[in-house]
Structure formats: C-alpha cells, structure tokens
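I have placed the structure first, in the form of structure tokens, so that the comments after it can refer back to it.
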Protein chains: 2
Amino acid sequence: MTVECKNCPLRKKDCFLPFSQQELAFTQGFKSGELSVDAGTTIQIEGSETPHLYTILSGMGVRYKTLENGRRQVINFILPGDFVGLQAGVMGEAAHSVEATTPMVLCTFRRSDLWRLFQNHPGRAYDLVWLAASEEAFLGQSLVTVGQRKGLERVSWALLKLFDRLSHLGLANGNRAPLPYRQQDVADALGLSLVHTNKTLGVLRSRRVAKWSEGELHILDREKLQGYALIEEEDVVQRPLI
Amino acid sequence: MTVECKNCPLRKKDCFLPFSQQELAFTQGFKSGELSVDAGTTIQIEGSETPHLYTILSGMGVRYKTLENGRRQVINFILPGDFVGLQAGVMGEAAHSVEATTPMVLCTFRRSDLWRLFQNHPGRAYDLVWLAASEEAFLGQSLVTVGQRKGLERVSWALLKLFDRLSHLGLANGNRAPLPYRQQDVADALGLSLVHTNKTLGVLRSRRVAKWSEGELHILDREKLQGYALIEEEDVVQRPLI
DNA sequence: CGCCCACTTGAGGAATGTCAATCTCCGTGG
DNA sequence: CCACGGAGATTGACATTCCTCAAGTGGGCG
C-alpha cells in the first residue's frame, strides 16, 4: 500500500516545481516501491554499491563520511524531498553514508531504470543535472563555511540554513522549527568539537539570538543571526522533485 | 583557427573515455569557439550569468568563492579537461568565480545549446550528470579534509591529490609535476593561513617527504605523504570529456 | 636601481580541542 | 517502586593548534 505519485504529499508544497501529467506518469512508473526505516538505520554505506535511488518522503537524516581515524564529517542534512543516491547511481559506488536520524519513509527507484530516464525523458534528465549542480553549489557553500568562518559564524550559518530549508518545506511554525539532530551532528558538519559547538550554542542562547533545545530550533533574532553568519541573502527558487 | 574536436589533444589521453563517431560529431557541432586568456584573467564571476560553458583545453586555474569580509575559499583547482560552468548553465548564475592562474585556452559552448544536448544526446546528458556527481564527490572529500584533518594532514592531502590529478593527465614526469599555484591558493583551499601553510610545507620539505618550489611539485616519499594525508586508496576510472 | 610580489621565519595571542566531571532524562531490570 | 546504566547536554580547566603581526629575503621587471 504505497503512496501514488499523484497523491504524493510533497507535490503539494510550493517549494517544488509543478509536475506535468506526463512527468507524473513517468515518475509513477519509475517508482519501484517504498521503504520505511527506524531512526538510526543506515540507508547507504560509503563505498558500497546500491541498487536503489531514493526520494525522501518524510523524516530527516544525515549524509556523512568517516576518516580512518574515526573522525566523522557530516556532508549535509537530509530533509523531505531530497534525492539520495545519485552519486552511487551514476558512479557505481556511494561516496558517503546515509543514516536516518528520525524514522523515515523513502520512495525507491531502481538504479537500472536510470538509463531509461535519460533516453526517454530529457526533462527529467535535466532535472537530475539541476539537482546535482545545486547539491554541488550547497557543498561549495559548506566548504566556505568550514574553511573560512569561525565558530560563532559557522554555528549561526548552520542554524539559519537549516531553519530556512525547513521553513521552505512548510515545516516551520513561525520562528520555530523541528530540529531532531544531536549537537554532535552539527559539530561534525561544521568541523568543530562537540564541546565548542555546545558553548557556541550557549552564546547564541544567552544573547537571545537563537535557542535549540528538545529537538526544536527557535530563531529569536534573525537579523543578528544573519549578521553573525555573514550570509549574503539569496533568492529562493522552486526545485524539481523526482 | 580553432582546434577541431577530432584533433583535440585531450582526446588522446587515456584518462578520458573514448568518443564514438557520433559523439565526436555532436560535440563538434556543440562547440562554439575557443577562448585564450592571459594568466590572472577572471573567466567567470560568482553570481553572474554566463552565456557559455567551457572545457579547459590547456592551462590551470582556480574556482573560488569570496566572503563579504574578504576571506576567500578556493573550491578547487582547475586542470585541463575540466568542465566549467555547468552550475551556471543549469541554475542561471554561477556559484563561484573562476580565474586563470596560467595562460589558458578554453573550448566554449553556448549555454542555449545545452537543452539540445539533453533532447538529442542522452549519452552526453548522462556524462554531464556523471561529471556533476563526480565534482560533488570531490567536494565532499574536500569538506572532510577542511573539516576533520589538521594542518599537516590537509597539506599532504592536497599535494597528493594535485599530484595524482596531474599525473593522470600525463603532466607528471616521474615524481615531479608542474604546480604553478601560489601558496596562498593552497592555503585558501585548505582553510589555513598563508603563514601556517608555509610552515607546514617547510616541515614536509625538511622531512624529505615533498618539496614544492619554483612551480614544481616533487614527491620524495609517497608512502609517508599518504600516511600523513590519511588517504584511503581509491581506484582511478576514466572520465567523460565534453 | 628600486619596487613589488611571493616566500620565509619568529614571537605572541586567540580560537578551538581535549579531558573530565556533572546533570538530566528515560528506559530497563530487579 | 527503585536502582542502575546509557545517551545527550553542560561546564570548567588546561593543552594545542593555528592565526596575526611583523620583519626580512630574494627574484623579476620597469
């Protein structure tokens, strides 16, 4: 009993580009099933081949890579609507691991059908490139953050980015949004130690700029937070959903 | 008097996938011209629209992003065969700037022809996704480096990656390869200060592990360098050339 | 010759990491 | 019902890495 694409709850959100009838039909045929996993499940392992591609229907997770010595870098946070496994799909093996932070429902596609998509649906192929390019652009921003911003700037940047992504998905309620990650996840995403991340969050809390506790992020002073984050305002565009 | 694709010197290199006759013909038609620039020329500016996509025929450069406060993050180094402008091509505006470090010759394509590629050449479209995914994978590795490795590890990692890329392009001569960048460029790529980068290079030099001077990189003890870099050996695959 | 740029080196300070202890919340087993 | 243990958050003290400032070197070029 899986969700049909035409009833997909994500489609209704206005952060995604509308589907044409034809795209809808194709995507429905492309979809091979659904996967529901518990919190903590590893969906994809770095270096492994996976037969599937996924679109996240609900739930949140992280992409990460691990160094031999155990240090972990969170590549980014995965939210509903994100497409997972494109790298593994085209390059053979996954470049990073993916883990569910909350229970998650994923829409699955067969890797072997990917070629059919390129052959018959140039529009969808274009969307894939768009997604890949846009992921790349985001990674570039993360690299700037980790490479050039200091602690307070990094943490502010991350909270703001996460809040905005959640907000565009319609998951925010005013200036509050659910954020079920651990401080360790954010620390690993920013290249900071857990302790330092914790203390930096404490600064934001005591200055009444942002508060994050019990899985909820609360933006108290967006202006100041943006100031700390050294963020250039950027326009939001609708993105394709696969 | 431009180079015809069928005579393209890059095609001969065995790090690239072979072209079919059909691909060759299409690519020739896709190519709109050539661009030669001096060292120091900015080819693409962050945030601007560009009407062109490029493949680097010869020369080296850097992709970078700049923060309001002037700090610069080098996203990566651009070598012959690299494809530039895909992000700008599909997303409208460039996410980073591109600057030529040496004199450069670029093969140009019209952005407006991109759609034609998707319509008529699913194989080339697939190659584009492959390239985008592979760029993304590399950025992920860079993020791990900047986020989790320390100074000596970062510098070792960067030298090794650069050497291997050059080597696969056939630009290395034994354990030497041309590396015309400034220390500042590497520092900005690794999120380290110029001074610290310089001192770290000094350590590698005094330990007789790697030497980089006068635009030439010399790997003296690859084993040790890999040890410092915390690198997991990875297999090299042929990549598509556009 | 003199200037500019890249590289080099030293010294001191700031940012961040590491270690360790504590606290709270929660679920489990006795 | 309570003791226990584990996970995550918090805090303090100290160690280390890395940054900034500053000065000096050497080569290329007008």
Side-chain angles (χ1 to χ4, degrees), chain A residues 38-40 62 67 69-74 99 101-102 145-159 178-207 210-218 228 230, chain B residues 38-40 62 67 69-74 99 101-102 145-159 178-207 210-218 228 230:
Chain A
D38 290 336
V62 290
L67 230 43
N69 60 15
R71 283 177 284 187
R72 180 183 80 143
Q73 174 70 35
V74 167
E99 185 177 314
T101 299
T102 67
T145 297
V146 175
Q148 308 299 332
R149 286 186 242 250
K150 335 201 156 203
L152 181 62
E153 300 164 356
R154 291 190 213 182
V155 173
S156 302
W157 179 87
L159 294 184
L179 196 65
Y181 298 101
R182 293 167 304 156
Q183 295 187 353
Q184 184 73 65
D185 295 322
V186 172
D188 288 346
L190 296 175
L192 294 172
S193 70
L194 170 60
V195 173
H196 198 254
T197 301
N198 177 287
K199 286 175 179 163
T200 306
L201 285 167
V203 170
L204 289 174
R205 198 184 321 129
S206 69
R207 294 192 192 169
K211 199 164 69 172
W212 174 30
S213 61
E214 289 148 44
E216 189 182 62
L217 173 61
H218 191 176
Y228 294 154
L230 303 178
Chain B
D38 290 336
V62 290
L67 230 42
N69 59 15
R71 283 177 285 187
R72 180 183 80 142
Q73 175 70 36
V74 167
E99 185 178 314
T101 299
T102 67
T145 297
V146 176
Q148 308 299 332
R149 286 187 240 250
K150 336 201 157 202
L152 180 62
E153 301 165 356
R154 291 190 213 182
V155 173
S156 302
W157 179 87
L159 294 183
L179 196 64
Y181 298 101
R182 293 166 305 156
Q183 295 186 353
Q184 184 74 65
D185 295 322
V186 172
D188 288 346
L190 297 175
L192 295 172
S193 70
L194 169 61
V195 173
H196 199 252
T197 302
N198 177 287
K199 286 174 180 166
T200 306
L201 285 167
V203 170
L204 289 174
R205 197 184 321 127
S206 69
R207 294 192 192 169
K211 199 164 69 173
W212 173 30
S213 61
E214 289 147 45
E216 189 182 63
L217 172 62
H218 191 176
Y228 295 155
L230 303 178

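Only heavy atoms go into these numbers, but all of them, side chains included; no hydrogens, no water, no symmetry mates. Proteins get letters first, then strands, A, B, ... in listed order; numbering begins at 1 in each.
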* To do: With the side chain counted from C-beta on, respond yes when A:L159 and A:L201 share a heavy-atom pair under 4.5 Å apart, and no when they do not.
  => yes
* Figure out the CD/C1' separation between B:Q183 and C:dT9, and round it to whole Å. => 12 Å
* With a non-hydrogen cut-off below 4.0 angstrom, is A:R71 in contact with a base, only sugar-phosphate, or nothing? -> nothing
* Rounded distance (nearest 0.5 Å) linking atom CG of B:L179 with atom CD of B:E216 -> 9.5 Å
* To do: Test for a donor-acceptor pair under 3.5 Å between the base of C:dG17 and the side chain of A:K199, counting only N and O atoms.
  => no
* Asked: Salt bridge check: are A:R71 and B:E153 linked by an N-O gap of less than 4.0 Å?
  -> yes
* **Close side-chain approach of A:R207 and A:L152, heavy atoms under 4.5 Å** => yes
* Of the residues in residues 188-198 of chain A, which ones touch DNA chain D at a heavy-atom distance under 4.0 Å? -> A:V195, A:N198
* OP1 or OP2 of C:dC7 sitting under 4.0 Å from any side-chain N/O of B:Q184? -> no
* Asked: Expressed in angstrom and rounded to an integer, what is the separation of B:R182 atom CZ from C:dT8 atom P?
  -> 14 Å
* Taking 5' to 3' order, which nucleotide of DNA chain D is first and which is last to have an atom within less than 4.0 Å of a heavy atom in chain B? -> D:dC18 to D:dC21
* Asked: Does a side-chain heavy-atom distance below 4.5 Å link A:D185 with A:R72?
  -> yes
* For A:K150 and C:dG17, give me the distance from atom NZ to atom C1', rounded to whole Å. => 16 Å
* Nearest 0.5 Å please: distance from the CZ atom of A:R182 over to the CG atom of A:D188. => 8.0 Å
* Taking atom CG of A:N69 as the centre, report whether more than 12 heavy atoms of other residues, nucleotides or ligands fall under 6.0 Å from it. => yes
All N/O donor-acceptor pairs, side-chain side in residues 189-198 of chain A, below 3.5 Å, sequence neighbours left out:
{"unit_1": "A:S193", "atom_1": "OG", "unit_2": "A:H196", "atom_2": "N", "d": "3.1"}
{"unit_1": "A:T197", "atom_1": "OG1", "unit_2": "A:S193", "atom_2": "O", "d": "2.8"}
{"unit_1": "A:N198", "atom_1": "ND2", "unit_2": "A:Q183", "atom_2": "OE1", "d": "2.9"}

* When the distance from CG of A:L152 to P of C:dT16 is rounded to whole Å, what number comes out? -> 9 Å
